[in-house]
Amino acid sequence: MQIIEIYKSLQGESSYTGLPCVFVRLAGCNLRCTWCDSEYTFKGGQRLTIEEVEKEVKRLSPDGGLVEITGGEPLLQEREAVPLMERLLIAGYTVLLETSGERPLAQVPVGVVKIVAVKCPDSGEGHTFRIENLEALTTHDEVKFVVASRLDYDFARGFIRQHELSSRVSSVILSPAFRKDAAGTRDASHCLVDPQQLAEWMLADGLRTRLGLQIHKFIWEPSLKGV
Ligand code: SF4
């Protein structure tokens, strides 16, 4: 597998937020979101076997816990990512998979918690979610929308209602997009939509959604990698 980094930090953007988590970040992405904060994953990395990745996860978190398979787009390496996830489940880990939903999800082991980031229009990749992937979602999965504008919010609200997402998955998350060049202060000034504004839109519309803040960008300096 082509791996950018494996590290331990706190899970920052799901209903697992705040829990210790080992991140396995795979190289490569087929999208180019305008606010992407992971462009360093687009190329490079190190070739590791599935066994070597599993060994490093066990070294970082020998007593089980959370592991997140992320990228980039990890399902571009589905042939190796799927067996890795299966092995980690058997080893007793809670396995999260962060994906855009552009690649088919049907082969993802059912025990894996899929966190699917459906792209909104301002990402520049708003047309990319594969609609048949809705059928692969289960009640332990999560769907996330990164919102950069009112247009994005309206798209997310329409999608949530049209596909009755709140009853399909355990959490629907609306998260303000962060400026991709965010650096220095650790506060909401880097958000493209003020979290207060997003909260007020959600409450006014009575959405059963969760406001997500990328807490690692409030805990550590926002341009830091590997946290
Ligand atoms: S899918 Fe993720 S890694 Fe790929 S461009 Fe979008 S934000 Fe970046």
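For ligands, and for the atoms within them, numbers begin at 1 and follow the listed sequence.
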>> With ring-ring contact (aromatic ring centres under 6.0 Å, His included) as the criterion, how do F129 and F145 come out once you've worked through the C-alpha distance, each side chain's angles and the decisive distance to 0.1 Å?
In response: CA-CA 11 Å; F129 179 74; F145 298 87; 8.8 Å; no
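- Taking 4.5 Å as the limit, some side-chain heavy atom of L88 sits within range of a side-chain heavy atom of V57.
- Inspection of the environment of atom 4 (Fe) of ligand 1 yields the following protein N, O or S atoms under 2.8 Å: C29 SG.
- Cation-pi check for R25 over Y40 is not met; the charged atom does not lie both under 6.0 angstrom from the ring centroid and within 45 degrees of its normal.
- The aromatic rings of F218 and F178 lie perpendicular to each other, with more than 60° between the two planes, well past the 30° mark.
- Contact record, K119 with C33: CE-SG, 3.6 Å, taken as the closest heavy-atom pair.
- Residue W35 approaches ligand 1 through these ligand atoms, each under 4.0 Å from one of its heavy atoms: 7 (S).
- Under the rule for a side-chain hydrogen bond (donor to acceptor under 3.5 Å, both in side chains), the partners of S15 that lie at least two apart in sequence or sit in another chain are E142.
- A single hydrophobic cluster is seen to contain both L137 and V108, as judged by linkage of ILVMFWY side chains at heavy-atom distances under 4.5 Å, directly or through other members.
- Atom 2 (Fe) of ligand 1 has as its closest protein heavy atom K119 NZ, 4.1 Å.
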